[in-house]
There are 2 protein chains.
Amino acid sequence: MNILEKIANELDTFSKSERKVAEVIMASPNTVIHASIAALAKQANISEPTVNRFCRRLDTKGYPDFKLHLAQSLANGTPYVNRHVDENDTADEYTAKIFESTMANLEMARKSLDTNTINRSVDLLTQANKISFFGLGASAVVAHDAQNKFFRFNVPVVYFDDILMQRMSAINSRQGDVVVLISHTGRTKSLVEVATLAKENDATVIGITSEGTPLAKECSIVLSLDVAEDTDLYMPMASRIAQLVLIDILATGFTLRRGTKFRDNLKKVKDSLRSSRFDRKDV
Amino acid sequence: MNILEKIANELDTFSKSERKVAEVIMASPNTVIHASIAALAKQANISEPTVNRFCRRLDTKGYPDFKLHLAQSLANGTPYVNRHVDENDTADEYTAKIFESTMANLEMARKSLDTNTINRSVDLLTQANKISFFGLGASAVVAHDAQNKFFRFNVPVVYFDDILMQRMSAINSRQGDVVVLISHTGRTKSLVEVATLAKENDATVIGITSEGTPLAKECSIVLSLDVAEDTDLYMPMASRIAQLVLIDILATGFTLRRGTKFRDNLKKVKDSLRSSRFDRKDV
DNA sequence: CAGAAAAATGTAAATTTATTTCATAATGAT
DNA sequence: ATCATTATGAAATAAATTTACATTTTTCTG
């Protein structure tokens with residue numbers, strides 16, 4: 001797909017003149033996309049028809065079409081990447097880097113998510129008698145957020161970020177209850193124990209964690225999110241953002257499954273907040 | 001940068017004919033990048049020079065250059081619109097839409113952020129005797145996350161999602177304390193009161209909120225994040241994600257300001273968690 | 001609401017750019 | 001070495017884009 005890669009690949013199938021064009025293009029593709037066929041021909045010391053033939057050899061309609069492909073390759077070549085924050089970065093720089101890494105990781109997480117699993121999870125959540133969200137540390141924040149969302153749906157929902165409360169809650173769970181356990185590493189001992197306890201009490205255990213971890217092994221369903229490790233500053237960053245987006249997805253799936261009337265209800269919940277707020281006209 | 005966004009943004013500054021072109025382009029940008037200026041003009045029922053003028057209005061050199069930009073916009077994984085979830089969406093569809101909107105909104109938020117303000121905020125935070133993070137509802141989650149991050153820095157940091165605790169804490173604040181108030185709408189009455197109380201007690205008040213809101217008016221510094229309203233399902237979605245990324249940025253700025261030795265310390269905090277986790281080799 | 005000024009749009013010509021045709025040169029196989 | 005094949009370029013042609021200018025439409029002013 002990427003035409004620059006294609007050029008590099010097929011370099012040996014090119015003729016002498018074609019190779020000259022290829023080299024000029026690869027040397028500064030960003031200049032080429034703004035050059036006319038005449039300019040490029042001159043730059044490569046070959047004739048214009050040769051450039052044109054070169055373009056066609058790469059399965060494009062002609063020179064302008066080739067430029068289009070090239071432009072797209074360049075745009076694609078620099079997607080959101082995980083750029084690491086550097087000690088001497090200015091506010092401008094680290095701000096840009098953090099936004100970009102977050103987005104790169106979201107893209108990554110999106111690709112790794114299995115929508116069938118999402119569908120099954122939504123099924124289970126809509127049918128649950130009670131939903132519990134447990135996490136520790138940064139994942140506690142995600143659990144907190146999940147409670148905030150699902151609470152609006154008027155389903156029994158609890159959230160604990162305390163190990164003992166989590167254990168007690170797990171022991172008290174029963175068939176029909178859904179326990180959602182959140183842990184990026186999937187190696188937090190106490191959370192794995194909670195999973196085991198909940199399972200022993202016939203609750204359904206959904207894990208928002210990485211594949212193949214001790215926690216994953218104890219779960220009925222695993223929603224796994226691939227995210228590049230947040231090694232930079234020893235703080236969870238992208239992983240929890242991806243988890244939160246996953247919560248949004250589950251919550252959205254939940255409301256869609258519940259139908260229109262249910263969504264009217266959501267509006268009421270939101271409207272109920274009005275009296276606690278300053279009116280827009282007050283401003 | 002993204003020319004499709006730009007078109008959507010400047011739609012109202014266009015003349016009648018220009019709008020016609022814009023609509024044709026937005027309806028099927030992928031067709032347009034392969035069309036000649038004549039074809040596009042015909043499609044939009046206007047003359048060729050008008051298309052040309054349209055291109056120049058968007059700061060491109062002309063039609064071919066415009067097509068290049070358009071092609072790049074399309075190639076870029078960047079979603080150009082906030083696609084709204086629809087009632088009949090499959091899991092696949094709403095998952096994709098939520099990821100895309102989240103990313104579109106992050107892109108938007110990034111652009112709206114002022115790095116000078118970030119710099120000043122980081123200054124204040126590094127110099128603070130005590131840092132408090134307050135929010136309610138979805139913003140409480142953000143405050144919770146902030147506490148989690150700043151706690152690792154070994155600075156006195158508190159977080160409350162309870163109105164009374166927030167008030168009491170604000171009343172007890174003094175010069176040198178920094179109070180960070182989080183509210184997307186900036187209209188939550190009790191939080192505005194907290195801002196006033198904190199200010200009366202000489203604390204520095206940083207608002208993570210929208211410009212021109214009652215809360216913003218009470219703050220010493222306002223970190224504003226533009227995000228498209230989350231109207232779909234009456235739940236805060238993109239706004240809190242953007243706020244969390246902002247927290248990441250502030251935390252990162254904080255650690256950078258503190259220097260290398262400080263960051264070694266962070267590693268120790270992280271390492272201290274090891275005993276609570278299953279080892280990798282256990283798996 | 002007339003009428004002038006400004007802005008928007010279109011026509012047609014000019015220009016630029018890309019492509020085709022065909023002649024010539026290079027390459028390679030026998 | 002010679003013929004066939006392939007590669008290349010010059011010039012002609014075709015296509016596309018841009019410019020210049022005329023016409024229409026809109027907006028503002030009195």
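Throughout, protein chains are lettered first and strands after them, A, B, ... in sequence-line order, and every chain is numbered starting at 1.
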- Which angle, rounded to 10°, do you find between the first-five-pair axis and the last-five-pair axis of the helix from C:dC1-D:dG30 to C:dT30-D:dA1?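 It comes to 30° between the two terminal axes.
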Residue pair [X] / [Y], side-chain donor-acceptor N/O under 3.5 Å:
X: A:Thr255; Y: A:Thr252; value: no
X: A:Arg257; Y: A:Asn119; value: yes
X: A:Asn148; Y: B:Arg240; value: no

- Task: Say whether, by atom type as modelled, one donor and one acceptor occur between the side chain of A:Gln72 and the main chain of B:Ala71 under 3.5 angstrom.
- Result: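 Yes; judged by distance alone, with no hydrogens or angles, the pair exists.
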- Look only at the side chain of A:Arg19 and the backbone of A:Phe14, and say whether a donor-acceptor pair between them is shorter than 3.5 Å. yes
Please determine, for the side chain of [X], which listed nucleotide ([options]) has the closest atom?
X: B:Ile37; options: C:dT20, D:dT8, D:dT17; value: D:dT17
X: A:Ile46; options: C:dA18, D:dT17, D:dG9; value: D:dG9
X: A:Thr50; options: D:dT18, C:dA18, D:dG9; value: D:dG9
X: B:Pro49; options: D:dT17, C:dT11, C:dT19; value: C:dT11
X: A:Arg57; options: D:dT17, D:dA7, C:dT9; value: D:dA7
X: A:Arg56; options: D:dT19, C:dT20, C:dT17; value: C:dT20
X: B:Asn52; options: C:dT27, D:dT17, C:dT19; value: D:dT17

- Message: Which is more 5' along DNA chain D, the nucleotide nearest B:Arg53 or the one nearest B:Lys67? Just name the residue.
- Response: B:Lys67
It should be established whether [X] places a side-chain nitrogen or oxygen under 4.0 Å from OP1 or OP2 of nucleotide [N].
X: A:Lys20; N: D:dT8; answer: no
X: A:Ser15; N: D:dT8; answer: yes
X: B:Ser17; N: C:dT9; answer: yes

- Where each residue is assigned the nucleotide of DNA chain C containing its nearest heavy atom, which of B:Glu18 and A:Lys61 is assigned the position nearer the 5′ end?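 So the residue in question is B:Glu18.
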Specify the separation, in whole Å, of atom [atom1] of [X] and atom [atom2] of [N].
X: B:Lys16; N: D:dT24; atom1: NZ; atom2: P; value: 15 Å
X: A:Glu48; N: C:dT21; atom1: CD; atom2: P; value: 17 Å
X: B:Tyr63; N: D:dT19; atom1: OH; atom2: P; value: 16 Å
X: B:Phe54; N: C:dA8; atom1: CZ; atom2: P; value: 14 Å
X: B:Asp65; N: D:dA16; atom1: CG; atom2: C1'; value: 15 Å

- Aromatic ring pairing A:Phe66/A:Phe54, orientation class (parallel under 30°, perpendicular over 60°, tilted between): perpendicular
- When B:Val21 is tested against each of B:Ile7, B:Val32, B:Val51 for side chain to side chain contact (heavy atoms under 4.5 Å, CB included), which residue passes? B:Val51
